[in-house]
2 protein chains.
Amino acid sequence: MSKCEQCIVREFSSLKALTKDELLKLSDCKTSYTLKKGAVIFEEGENVNGIYCIKDGVCKLTKLSANGKDHIVKLVTKGELLGQRSMISDEPVNLSAVALNDMQVCFIPKAEVMGYFDKNNNFSMNVMKTMCGDLKEADVQTVNLAQKTVKERLAATLLYLYQSFGENDDKSLKIQLSREELASMIGTATESCIRLLSDFNKQELIALDGKKIILKDISSLKKIAN
Amino acid sequence: MSKCEQCIVREFSSLKALTKDELLKLSDCKTSYTLKKGAVIFEEGENVNGIYCIKDGVCKLTKLSANGKDHIVKLVTKGELLGQRSMISDEPVNLSAVALNDMQVCFIPKAEVMGYFDKNNNFSMNVMKTMCGDLKEADVQTVNLAQKTVKERLAATLLYLYQSFGENDDKSLKIQLSREELASMIGTATESCIRLLSDFNKQELIALDGKKIILKDISSLKKIAN
DNA sequence: ACCAAAATATGATATTTATCATGCGAAAGC
DNA sequence: GCTTTCGCATGATAAATATCATATTTTGGT
C-alpha cells in the first residue's frame, strides 16, 4: 500500500492541510483503485460513503436531464476530490462520475474524513475554499449557457480543454471526447456540435483528424469565445 | 439596537449554530440597514469585508456577461447570508446584489465571522452544508439552461417564484419582476419572454394585469416545466 | 395634472439551432 | 472475414429564438 504522505497529488487537494499523524492514519484506511476508461465511479442517486481522491486520470461528472440526456457538468482531474458534497450534506450524490481515461483513485471512508472536519480547521477551510471556487465557476458556467451562442461555447470549451489538459506530441488535445460528449458539455445537439467543428475546420481554426482535434488558431478561437 | 438573540431570521441561517455568548457579542458588532427597492448592496468586483444577513426582503444576485447584459443568477431572501463566499476565499465578490423590494439587512464584519469558523465547528458545518445545497442547485440550473427550451424555463421560473415567495391577496405573485428581469433569469431576450407570457395568457395558464402575474393553471405549468 | 422616459406589447423578419434522413467509414462482435 | 453496429458527417427542413421596428401603456418627475 502506497503512503499518502508521499503522494504528490495530496498537495493539490484540501488534504494538504492534514498533519503527519493524520496522513499516516489515512494511509491505513484508504483503498486504492485502478479504473479503466469508461468505468463508473458512482452514479446519480447512489450513496457514497466517503470521498475519492483522484491520483491520476480524468473523469466526467454528468447529470441526467428531464429529457433523458446526460449533461456533462464538469471534468475532474488529478488532485481533486470527488463526493465531498454528498458526504457533507449526507445525501445521495447528485451527479454520476465516469472515467474518461484510465484512472487511479483512492477511496477514503466517511468516518475518517468527518474526523478531519472536527479536529483540523485548516482542512475545513480548504474544503470551503474549494467549494467557493466551484460555486464561482458554476456562476460563470450559468451565465455562459444563458448568454453565449453555441459557437461561442464550443470555442470556449475547446480552449478550456486545451488549457486544462494540454496537448499530445502531435498537438492534438489530450482529452479525447466523443462528439456526443462535447455536445453534452456545451449543451447542444450532437449534429450541431459536429457541424460547428466542421466550420471551424474549414476556417482553419482547428484541424480534425478522426477523433483528434488540434487547435490551430488559438487567438481567433479566443475572440470567438469572448 | 435589536438583539440577534431574538431575531427570528437567525434560525434559518448558518448563524443558528451560534452560542448565546456569540450572539450577544454579535449584537454589539453588527450594523443594521434598511434598504429601498433598487438599492445596491454590493457590486461585482467590490471588496466586502463581512457578510450580510437578510432579515427581510428579497434581492437579486446578478453577474455581468461578456455581451454587457446582466444575468440574474439567484434570488436571495430572508434568513440567507450574502457574501460568505467572497469572505472565505478572500476575493472580491463575483456577483452584484440589488434589492428587489424594501429590505432589512444586518452587516457582520469579517473578523467576527472568521472567529466562528475557528471556534464553532457547527457553524462551519452549517456554512458548508449551505454551500453544498447551492452547488447542487447550480448543477440543476446548469442542466436546465442547457437542455430545456425557453418556454419550459419560463414555466419553471414562474412556478419557482410562486413556490418560494407566494402570492398576494389578489393571487398575483408576491415577487414582482420586470419582464427584463424575468428574461434575465431564464436566459432569453426580453421580447421572447414577453411573447411567451402573452402565449401563456392566451392559453389561460396565467393572467396578466400590468406588471402583475397570476398563475391560473399550476398543474399545466408543471407539465410544461417538466 | 402633464410630459418625458421607460416598460410592455406585437408584428415582421433574420438567425440560430434542432430534428430527421441518409451515407460513409471504422471498430467491435461472432 | 464478415456483418453489424456505432460514431462521424452532411443535406434538407422545421422549429425555436433573436433582432429590429413600432405602437401602446405605464411610470416617475416636476
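Excluded from the calculations below are hydrogen atoms, water molecules and symmetry mates; all remaining heavy atoms, backbone and side chain alike, are included. Naming convention: chains lettered A, B, ... in sequence-line order (proteins, then strands); numbering from 1 in each chain.
For Lys148(B) and dT17(D), the NZ to P distance is 13 Å, given to the nearest whole Å. Between Leu208(A) atom CG and dG7(D) atom P there is a gap of 18 Å when expressed in whole angstrom units. Computed from coordinates, the Gln147(A) CD to dT17(D) P distance equals 15 Å when rounded to whole Å. Atom CG of Asp209(A) is separated from atom C1' of dG7(D) by 15 Å (rounded to the nearest Å).
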Applying salt bridge (Lys or Arg N to Asp or Glu O under 4.0 Å) to Asp90(A) and Lys110(A), what does each step give before you reach the verdict? CA-CA 10 Å; Asp90(A) 214 7; Lys110(A) 177 168 178 170; 2.8 Å; yes
Any chance you could lay out the side-chain contact (heavy atoms from CB on, under 4.5 Å) test for Cys59(B) and Leu82(B), step after step, and finish with the verdict? CA-CA 10 Å; Cys59(B) 74; Leu82(B) 283 182; 3.8 Å; yes
Take Leu197(B) and Leu158(B), measure what side-chain contact (heavy atoms from CB on, under 4.5 Å) needs, and give me the verdict at the end. CA-CA 10 Å; Leu197(B) 282 174; Leu158(B) 291 174; 4.2 Å; yes
Would you list the protein and nucleotides 27-30 of chain C atom pairs, both N or O, that sit under 3.5 Å from each other?
none

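In this structure, the side chains of Asp102(B) and Asp56(B) stay at 4.5 Å or more apart for every pair of heavy atoms. Between Ile194(B) and Leu182(B) there is no side-chain heavy-atom pair separated by less than 4.5 Å. Within the 4.5 Å cutoff, side-chain heavy atoms of Glu80(B) are placed close to those of Lys74(B).
Annotation: side chain to side chain contact (heavy atoms under 4.5 Å, CB included) contacts of Ile218(A) (sequence neighbours excluded): Leu159(A), Tyr162(A), Leu215(A), Lys222(A). Cys7(A) is linked by a side chain to side chain contact (heavy atoms under 4.5 Å, CB included) to Val9(A), Lys55(A), counting only residues two or more places apart in sequence or in another chain. With sequence neighbours excluded, the residues satisfying side chain to side chain donor-acceptor pair (under 3.5 Å) with Lys60(A) are Glu181(A). With sequence neighbours left out, the ring-ring contact (aromatic ring centres under 6.0 Å, His included) criterion links Phe107(A) to Tyr52(A). Residues that satisfy the side chain to side chain contact (heavy atoms under 4.5 Å, CB included) test with Phe165(A), not counting sequence neighbours, are Val58(A), Leu75(A), Thr77(A), Tyr160(A), Leu161(A), Ile175(A).
Annotation: proximity of residues 149-161 of chain A to DNA chain C (heavy atom, distance under 4.0 Å) is found for Thr149(A), Val150(A), numbered in ascending order. Contacts between residues 182-207 of chain B and DNA chain C, defined by a heavy-atom separation below 4.0 Å, involve Glu191(B), Ile194(B), Arg195(B), Ser198(B), listed by number. Contacts between residues 167-175 of chain B and DNA chain D, counted as heavy-atom distances below 4.0 Å, involve no residue at all.
The local environment of NZ in Lys78(B) is sparse, with at most 12 non-hydrogen atoms from other residues, nucleotides or ligands closer than 6.0 Å. No more than 12 heavy atoms of other residues, nucleotides or ligands shown are found within 6.0 angstrom of CD on Glu180(A).
The side chain to side chain donor-acceptor pair (under 3.5 Å) test with Asp139(A) singles out one residue from Arg85(B), Lys63(B), Gln141(B), and that residue is Arg85(B).
Judged by closest nucleotide on DNA chain D, Ser178(A) is the one of Ala146(A) and Ser178(A) placed further toward the 5' end.
Five base pairs at each end of the helix from dA1(C)-dT30(D) to dC30(C)-dG1(D) define two local axes, and these are offset by 60° (rounded to 10°).
At distances below 3.5 Å, at least one donor-acceptor pair connects side-chain atoms of Glu44(A) with backbone N or O atoms of Leu64(A). Judged by distance alone, with hydrogens and angles left aside, the side-chain atoms of Ser184(A) form a donor-acceptor pair with the main-chain N or O of Ile72(A) at under 3.5 Å.
Closest non-hydrogen pair, Ile224(A) versus Glu152(A), comes out as O-CG, 3.2 Å.
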Per-pair distances, 0.1 Å, donor-acceptor, side chain in residues 199-214 of chain B, under 3.5 Å, sequence neighbours excluded:
{"from": "Lys212(B)", "atom 1": "NZ", "to": "Asp170(B)", "atom 2": "OD2", "distance (Å)": "3.0"}

In B/S/- notation, 5' to 3', how is nucleotides 25-30 of chain D contacted by protein heavy atoms closer than 4.0 Å? ------
